[in-house]
Protein chains: 2
Amino acid sequence: MTFRQELLLHMTVDLAILTVRENRLNVLVIERGNEPYRGQDALPGGFVRPWETLDEAARRELAEETSVGGDELYLTVSGIYSAPDRDPRSRVVSVAYLAIAPDLPMPTAGSDAIGARWAPVDAVRATLAFDHAAILADAVELARTRLEFTTVAAAFCPSEFTIGDLRNVYEVVWGTSVDPRNFARKVAHTDGFVVPTGGKRAPETGRPATLYRRGPATTLNPPLLREATVDQASPELEPAGC
Amino acid sequence: MTFRQELLLHMTVDLAILTVRENRLNVLVIERGNEPYRGQDALPGGFVRPWETLDEAARRELAEETSVGGDELYLTVSGIYSAPDRDPRSRVVSVAYLAIAPDLPMPTAGSDAIGARWAPVDAVRATLAFDHAAILADAVELARTRLEFTTVAAAFCPSEFTIGDLRNVYEVVWGTSVDPRNFARKVAHTDGFVVPTGGKRAPETGRPATLYRRGPATTLNPPLLREATVDQASPELEPAGC
DNA sequence: GCAAAAGTGTTCTTGGTACACCCATGG
DNA sequence: CCATGGGTGTACCAAGAACACTTTTGC
């Protein structure tokens with residue numbers, strides 16, 4: 001080690017793993033088993049180890065909490081949190097990741113957690129440990145913006161889905177309603193967003209819908225914009241980075 | 001310190017300070033005074049100190065290199081670089097910042113640098129130390145995207161500027177040509193982008209142009225899109241974070 | 001007058017919104 | 001038959017692209 005001791009610090013990755021369950025946006029939270037904030041909910045996360053990149057650390061943590069991984073899943077940095085007092089124990093800088101998953105089976109608890117569960121975002125928002133409420137809010141806002149410019153909405157869906165399922169993702173994540181007819185046309189006219197599987201699926205009542213898989217496209221050009229949100233914490237842009 | 005020693009690491013902030021000089025996009029580089037990469041060009045940067053946030057560290061470094069600061073200047077995270085071997089001396093995770101400045105007087109050298117200077121982005125790109133070429137490329141791409149969705153173009157201009165100056169920023173940063181007539185209309189019709197100062201400025205030859213100051217708006221709605229770049233490293237989005 | 005840059009007006013086209021309407025199924 | 005969700009066609013409108021044309025200066 002060639003640098004000064006007093007400049008050393010810890011880094012963690014924290015994960016905001018989002019999914020749509022029962023028409024609500026849910027996030028995976030763990031119940032903390034240790035002080036501080038013992039017994040309170042928190043986002044899953046852990047220390048970055050010396051030989052791994054942040055992305056690797058995030059994927060490792062994700063694998064510990066859920067059973068998915070690899071191409072199934074969308075994973076990207078959503079923010080960096082560096083307030084010196086954000087962890088009462090010592091200096092910890094956290095890199096937050098947004099993960100988007102289809103409606104998964106129940107999660108498994110990690111090492112320093114009592115239990116893991118899905119919780120509606122609105123319900124847990126107020127009760128999270130550390131600065132995780134802010135991390136979650138930023139991650140959700142990022143997810144909303146990504147729906148506008150990329151094809152990630154499909155990452156919320158299982159491998160086969162209908163246009164109605166996809167529209168439901170937009171409605172739940174944005175918290176708005178989307179015109180079904182214009183939405184269907186928009187998706188169909190965006191090359192590579194979805195590809196038909198040939199199958200159909202009948203709803204409880206009504207005409208069966210064609211089934212689709214994710215297509216190769218990653219960006220939406222032109223984008224699928226929601227109503228202009230009032231100029232608040234302006235959604236900003238960054239290349240994928242690490 | 002309550003956490004394990006072997007998980008400690010160093011963090012730095014690196015700055016990609018961009019400006020437009022002589023119709024080219026320039027970046028501030030320093031000449032390294034120490035090994036490794038002694039004598040080679042690098043982006044300015046330094047260690048994050050125990051009591052400061054990343055933003056504070058970035059502003060401190062910026063003040064050491066240039067004379068500007070505060071509201072004059074646009075400063076935002078552009079990426080995180082965490083490859084374990086990116087610094088041969090020890091584990092260093094770097095948070096990169098994009099800074100946008102008007103054409104400034106000559107920069108001053110920092111502590112561990114021999115000299116600081118402006119260099120055209122294309123010229124230095126290939127010769128930078130560490131992974132700074134990648135950091136610079138990502139920062140430039142972010143700047144290009146920000147021009148589309150925000151009013152930062154004005155941060156490249158001095159306090160008073162013409163529509164032509166502003167258009168020149170777009171042309172230089174994007175590397176394309178922009179229709180002067182449509183551009184002028186677009187800027188004029190975007191509330192709060194620019195406000196006229198009342199003054200005029202005569203070019204070498206031609207009709208004098210009205211002078212403007214930056215307006216209060218930060219986002220461009222609707223955006224000012226360049227030709228759709230081929231779906232490569234898709235420009236992605238994130239909230240400002242820390 | 002001429003060159004050059006500023007600025008206006010107009011046409012064409014693209015793509016979004018709103019909505020009327022038809023389709024296919026279960027009950 | 002009706003209710004319900006899937007899917008098509010079309011009229012309208014906002015905004016970008018292209019470009020003819022006018023304005024205002026220096027030479």
Side-chain angles (χ1 to χ4, degrees), chain A residues 23 147-149 153 157 160-172 174 176-213 217 219-229, chain B residues 23 147-149 153 157 160-172 174 176-213 217 219-229:
Chain A
N23 287 325
L147 288 195
E148 297 184 289
F149 294 96
C157 297
E160 290 203 326
F161 54 89
T162 67
I163 299 289
D165 294 339
L166 197 62
R167 180 171 51 84
N168 189 244
V169 168
Y170 277 88
E171 295 189 325
V172 169
W174 284 351
T176 62
S177 61
V178 176
D179 185 295
R181 294 139 324 169
N182 293 333
F183 181 82
R185 206 188 345 253
K186 175 82 187 181
V187 171
H189 286 31
T190 304
D191 285 350
F193 192 171
V194 296
V195 293
T197 64
K200 298 244 174 203
R201 193 180 68 197
E204 296 138 19
T205 169
R207 170 176 170 177
T210 27
L211 286 168
Y212 296 86
R213 264 195 305 275
T219 57
L220 250 38
N221 217 301
L224 188 44
L225 301 171
R226 51 183 161 152
E227 319 307 312
T229 37
Chain B
N23 286 327
L147 288 195
E148 297 185 288
F149 294 96
C157 297
E160 289 204 329
F161 54 90
T162 68
I163 300 290
D165 294 340
L166 196 62
R167 180 171 52 84
N168 190 244
V169 168
Y170 277 89
E171 294 189 326
V172 168
W174 283 352
T176 62
S177 61
V178 176
D179 185 292
R181 293 138 325 168
N182 292 334
F183 181 82
R185 207 187 343 255
K186 174 83 186 180
V187 171
H189 287 29
T190 302
D191 285 349
F193 193 171
V194 296
V195 293
T197 64
K200 297 243 176 206
R201 193 180 67 196
E204 297 138 19
T205 169
R207 172 176 169 176
T210 29
L211 286 168
Y212 296 86
R213 263 194 305 275
T219 57
L220 250 39
N221 217 302
L224 189 44
L225 301 172
R226 50 184 162 152
E227 318 308 308
T229 36

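Worth knowing before you read on, the calculation uses all heavy atoms, side chains too, and leaves out hydrogens, waters and symmetry mates. Keep in mind it's a predicted model, so treat the numbers as computed, not measured.
The minimum heavy-atom distance linking Pro203(A) with Pro208(A) is given by the pair CD-CA, 3.9 Å. Taking every heavy atom of both residues into account, Cys157(B) and Val169(B) meet most closely at SG-CG2, 3.8 Å.
As rounded to whole Å, 12 Å separates atom P of dA5(C) from atom CG of Asn168(B). Atom-to-atom, CD of Glu171(A) to C1' of dG5(D) comes out at 13 Å; the value is rounded to the nearest Å. Taking atom CG of residue Asp179(A) and atom P of nucleotide dG9(D), one finds them 16 Å apart after rounding to whole Å. Counting to the nearest Å, the P atom of dA5(C) and the CZ atom of Arg167(B) are 9 Å from each other. One can place CD1 of Ile163(A) at 18 Å from C1' of dT4(D), the figure rounded to the nearest angstrom.
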Just the table, please: protein N/O against nucleotides 12-17 of chain D N/O, every pair under 3.5 Å.
unit_1  : atom_1 : unit_2    : atom_2 : d
dG16(D) : OP1    : Lys186(B) : NZ     : 2.5

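With sequence neighbours left out, Pro223(B) forms a side-chain contact (heavy atoms from CB on, under 4.5 Å) with Phe149(B), Leu225(B). With sequence neighbours left out, Thr176(A) forms a side-chain contact (heavy atoms from CB on, under 4.5 Å) with Trp174(A), Val178(A).
Among pairs with a residue in residues 181-210 of chain A, those fulfilling ring-ring contact (aromatic ring centres under 6.0 Å, His included) read Tyr170(A)-Phe183(A), at least two apart in sequence or across chains.
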| Worked check of side-chain contact (heavy atoms from CB on, under 4.5 Å) between Leu224(A) and Lys186(A) | CA-CA 8 Å; Leu224(A) 188 44; Lys186(A) 175 82 187 181; 3.7 Å; yes

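Candidate nucleotides dC19(C), dG7(C), dG6(D) were compared by shortest atom distance to the side chain of Thr210(B), and dG7(C) ranks first.
Residues of residues 199-209 of chain A that place a heavy atom closer than 4.0 Å to DNA chain C, in numerical order, are Glu204(A), Gly206(A), Arg207(A), Pro208(A).
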Side-chain donor-acceptor pairs of residues 160-167 of chain B under 3.5 Å, sequence neighbours excluded:
unit_1    : atom_1 : unit_2    : atom_2 : d
Glu160(B) : OE2    : Thr197(B) : OG1    : 3.4
Thr162(B) : OG1    : Gly164(B) : N      : 3.3
Thr162(B) : OG1    : Asp165(B) : N      : 3.0
Thr162(B) : OG1    : Asp165(B) : OD1    : 3.4
Thr162(B) : OG1    : Asp165(B) : OD2    : 3.4
Asp165(B) : OD1    : Arg201(B) : NH2    : 3.0
Asp165(B) : OD2    : Thr162(B) : N      : 3.0
Asp165(B) : OD2    : Arg201(B) : NH1    : 3.3
Asp165(B) : OD2    : Arg201(B) : NH2    : 2.8
Arg167(B) : NH1    : Glu171(B) : OE2    : 3.4

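Between Arg181(A) and the phosphate of dA20(C), there is no side-chain N or O to OP1/OP2 separation shorter than 4.0 Å.
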